[in-house]
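Heads up, the thing below is written out as structure tokens.
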Amino acid sequence: SAQLLLVSFALVRGFPLLPRSSSRSNPSTAWYQRKDDSDIESNQNILSRCLVEEYEGYSNSLSQSQEKKRVLEELEPQEPMWRSLFRKLAIKRKKRPGSLVLLRCCESTFNLNQTFTGWLDPPLSDVGVKQSQHAGRLLLSEGFDVDVVYTSRLKRSISTGWHALETMDSLFIPVRKTYRLNQRMYGALEGISKEETVSNFGMDVVEAWRQSLKAQPPKLSRDDPSHPIHDRRYNDVPPEMIPDTESLLECQRRAAPLWEYQIKDDIKNGKTVLVVAHRDTLRGLLKTIDNIDDEDISEIKMPKGVPMVYRFDEQMQPIEPSDTSRKQVHTNGLFLEKPGKTLEILGQESSPILVHAKHEIERRELTLQESMDSLRYGATIETEEVEMVSAERWSDDPCEFEDYDIFEAEIGDSEEEIVPTILSNDQLLSNQTMEGPFVVLIRHGRTPHNQMELFTGWEDPPLAEEGVEDARNAGRLLKRHGFEFDVVYTSWLTRAIQTAYYTLEELDQLWLPIVKSWRLNERFYGDLTGKSKKMIANKYGEDQLKKWRRGYTIRPPPVSSYSLNYPGNDERRAKHFKDLRFSVRESIARSLETKRLSVHRKFPKTESLKDCMDRSIPFYTKRIKDEAIGKGKRVLITSHENALRGILMHLCEIPEEAMNQLHLPNGLPLVYDVRRKCLSLLDDGSGKNPGESHDFGPAAKYLFTSCEI
């Protein structure tokens, strides 16, 4: 046993969750710079190199063990040594292999003018957004329940996955972003139109670059500011691993270790894996999975926005689908698109748009049945135009605790003038706040539930139009002040995840890792969830309503174990809870009901404000602080009022009796300087004092204290 223990400890590794910090800066010049003609080789030299038969391979190739270590370091979260040891020694029940869904990223703005894109980072076009939503509807109609998503670090891949998950109501799913799924690096050709390249070098040369397995386009100089070595999104990648150019084979070899050491293990453990990537990296995965010959890989097509599904036997060999009309030669994957459309799609490599969503609000209002009908009949769904009144930018939803008077004696004079620290660009640079570590906290944007005064809690409404604008304005304000982040933390609820996404989209930092945890969820209101506050007041009286809303330790009525609002009955989310202890009572009751062993976790049935803070504060101190702030990271947290109250209670030393009197405006960035231990607001250019523009409640005096020197 001693030898086994030593061997087990020797196998343990610490896997960092976040990219290592680096001094490499992000150039101010855009990716979209055209390369000088001097960077392009002569036609004769290029053609002769394209026709070379021998392939030299990577000059910096890694061994198998090094590749495995590199992949795991990039994607696996860090875990304690004892937990890693237990996981390795535990006897695991054999599971039926899960499924693999491959989805090529949808149309980008560069596709419109036939530009060599590669590692350049254009956004999706309007058509690409609709293709992504259509892919999500296809997966939804086929009953796929995705467990984990892999994307590249390019926004067209990330956005494709985002819109597909949003359509499937699955934004809480973990998304892992890796450079190994980036498109092939086209070197000095990136940013140049294919038509212009053909006119300069001839069709044969260009086709050799595009279709030949071993031909490399001209290299991009590392002195070029658009070279990815200067992009901080690759700071965690060793410089020698960032290519100057790639052949198709090199691109495929870059993606292969991800399949071997990460995706395959997920599928072995019964997970449904969605991989959203680019044509050449997906063809590389297909080459590995189906063992396709070098000569045949050029025949493989990956249409944009059409999911391809693989199923596996216990030996992880792909199972040939029975419906051969929706598969292509040399592969065992099954396209989910309609059989009548497949040949057309494979011919033009473009997904037809069966559903044209006129507007984001219309998309949210589509019912599941309407979405299924749109797929079944290929028809455009017509819905009534929804007009929403555009509210003023910082018009927050009503404070949850409106009546402050009875607490004034406990927390002091509520009329004391609060003067928050307002940070300008010059101040941010002079006090070195931008270097980190720092934390920016943002309460999610407004939702329809806020307007209807419903107890939301763990209910999952999306952002309203005003809420989307809240999030985008927060991103614009942060961008105006030059904020860059290293990692984002958010809850499992859609409104907080959407706030993070739209904020990052404005910052042009969608590639950042987003850590989602239920411990940052809003307070769970038990049996009050989804009910109107006025209805509760009429039923139980105003006094009881105030106690449930304002009491720090008072819990609302618990929800029943058989209620739809009970978190344990949401099977899609319940299986992702890994850090809750098991409930003996619930396990016995459900085992008797189903007549088979059913292990059930101890999900909350109601929460006081203290209960909510008892999970959000430890998450900050034991997770965020250790793995991010302690390593000098710049952290963005998008969450909910009660969860953020807990974190601010810890950071600003707010007493318990004052917590109920703290209000956080929607979408307003709060900047916490870790070194100087103070909270500040950003200058929004209006010339107004944000302390007067926003209602922080009587407890605001605890938030905005003098900064330490």
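K575 meets the side chain to side chain donor-acceptor pair (under 3.5 Å) test with D145, D147; sequence neighbours excluded. Annotation: side chain to side chain donor-acceptor pair (under 3.5 Å) contacts of S99 (sequence neighbours excluded): R311.
Looking only at side-chain heavy atoms (C-beta outward), P557 and T606 stay at 4.5 Å or farther from each other. Looking at heavy atoms from C-beta onward, K177 lies out of side-chain contact with Y150 at the 4.5 angstrom threshold. Counting only heavy atoms from C-beta outward, the side chains of L510 and K155 approach each other to under 4.5 Å. Using a 4.5 Å cut-off on side-chain heavy atoms (C-beta onward), V487 and L636 make no contact. Residues I647 and Y489 are not in side-chain contact: their nearest non-hydrogen atoms beyond the backbone lie 4.5 Å or more apart. Looking at heavy atoms from C-beta onward, V275 lies in side-chain contact with L100 at the 4.5 angstrom threshold. Side-chain contact between L668 and I442 is absent, with no heavy-atom pair separated by less than 4.5 Å. Between L609 and N642, some side-chain heavy-atom pair lies under the 4.5 Å cut-off.
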Discussion item. Quick one, D460 with R573, criterion salt bridge (charged side-chain N to carboxylate O under 4.0 Å, His left out). Give me CA distance, side-chain angles, the key distance, then yes/no.
Written reply: CA-CA 12 Å; D460 204 20; R573 284 179 170 85; 2.5 Å; yes
Practice prompt. Show your reasoning for whether salt bridge (charged side-chain N to carboxylate O under 4.0 Å, His left out) applies to R590 and E586.
Written response: CA-CA 6 Å; R590 291 172 186 268; E586 289 289 340; 3.2 Å; yes
Discussion item. Show, in sequence, the C-alpha distance, side-chain angles and deciding distance for R601 and R581, and conclude whether the side chain to side chain contact (heavy atoms under 4.5 Å, CB included) test is met.
Written reply: CA-CA 6 Å; R601 295 188 183 272; R581 66 181 186 272; over 6 Å; no
Discussion item. Could you go through D169 and T494, starting from their C-alpha distance and side-chain angles, then the distance that decides it, and tell me whether this counts as side chain to side chain contact (heavy atoms under 4.5 Å, CB included)?
Written reply: CA-CA 8 Å; D169 190 24; T494 298; 4.1 Å; yes
Worksheet item: What do the steps show when you test W518 against F619 for ring-ring contact (aromatic ring centres under 6.0 Å, His included), and what is the final call?
Response: CA-CA 10 Å; W518 72 273; F619 183 79; 9.2 Å; no
Item to complete: For D470 and R443, run salt bridge (charged side-chain N to carboxylate O under 4.0 Å, His left out): C-alpha distance rounded to whole Å, both residues' side-chain angles, the deciding distance at 0.1 Å, then the answer.
Response: CA-CA 10 Å; D470 288 342; R443 182 189 175 191; over 6 Å; no
Discussion item. Between R137 and E142, is the salt bridge (charged side-chain N to carboxylate O under 4.0 Å, His left out) condition met? List the steps.
Written reply: CA-CA 9 Å; R137 293 186 179 97; E142 294 293 329; over 6 Å; no
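C105 and S157 make their closest contact through CB-CA, 3.9 Å (heavy atoms, listed as atom of the first residue, atom of the second, distance). The nearest pair of heavy atoms linking S132 to T160 is OG-CA, 3.4 Å. For the residue pair R495 and T499, the shortest heavy atom distance occurs at O-OG1, 2.7 Å. Across every non-hydrogen atom of T167 and L140, the tightest pair is O-CD2, 4.0 Å. Taking each heavy atom of R472 and E505 in turn, the nearest pair found is NH2-OE1, 2.8 Å. Annotation for M659 and G646: closest pair CE-N, 4.5 Å, computed over non-hydrogen atoms.
Looking at E542 and K546, no side-chain N of the basic residue comes within less than 4.0 Å of a carboxylate O on the acidic one, giving no salt bridge. Salt-bridge annotation for E506 and R476: present, with a side-chain N of the basic residue lying under 4.0 Å from a carboxylate O of the acidic one. With salt bridges taken as basic N to acidic carboxylate O contacts below 4.0 Å, none links K533 and E453. The residues D614 and K610 are annotated as salt-bridged, a charged nitrogen and a carboxylate oxygen being separated by less than 4.0 angstrom.
With rounding to the nearest 0.5 angstrom, the NZ atom of K516 is 10.5 Å from the CH2 atom of W492. Atom SG of C106 is separated from atom CD of Q133 by 9.5 Å, given to the nearest 0.5 angstrom. How far NE2 of H640 is from CG of L664: 12.5 Å, rounded to the nearest 0.5 Å. Put simply, CG on L493 and CZ on F172 are 10.5 Å apart, with the number rounded to the nearest 0.5 Å. Atom CD1 of I637 and atom OG1 of T490 lie 9.5 Å apart (nearest 0.5 Å). Here S583 contributes atom OG and K605 contributes atom NZ; the two are 7.0 Å apart, rounded to the nearest 0.5 Å.
Checked by atom type, the side-chain pair R596/S591 shows no donor-acceptor distance below 3.5 Å.
Using cut-offs of 30° and 60° for the angle between ring planes, the F524 and W458 rings count as tilted. Ring geometry, W548 versus Y540: the interplanar angle exceeds 60°, so the pair is classed perpendicular (tilted spans 30 to 60°).
In this structure, R634 fails the cation-pi test against F485, since its NZ or CZ atom is not both closer than 6.0 Å to the six-membered ring centre and inside 45 degrees of the ring normal. Judged by the 6.0 Å distance and 45° axis criteria, K625 is not positioned over the aromatic ring of Y620.
At least one donor-acceptor pair closer than 3.5 Å links the side chain of D695 to the backbone N or O of G697.
In summary, of the residues considered (R555, R523, R519), a salt bridge (Lys or Arg N to Asp or Glu O under 4.0 Å) with D611 occurs for R555 alone.
Sorted by first then second residue, the salt bridge (charged side-chain N to carboxylate O under 4.0 Å, His left out) pairs that include residues 560-569, not counting sequence neighbours, number zero.
Ring pair F438/F483: centre-to-centre distance below 6.0 Å.
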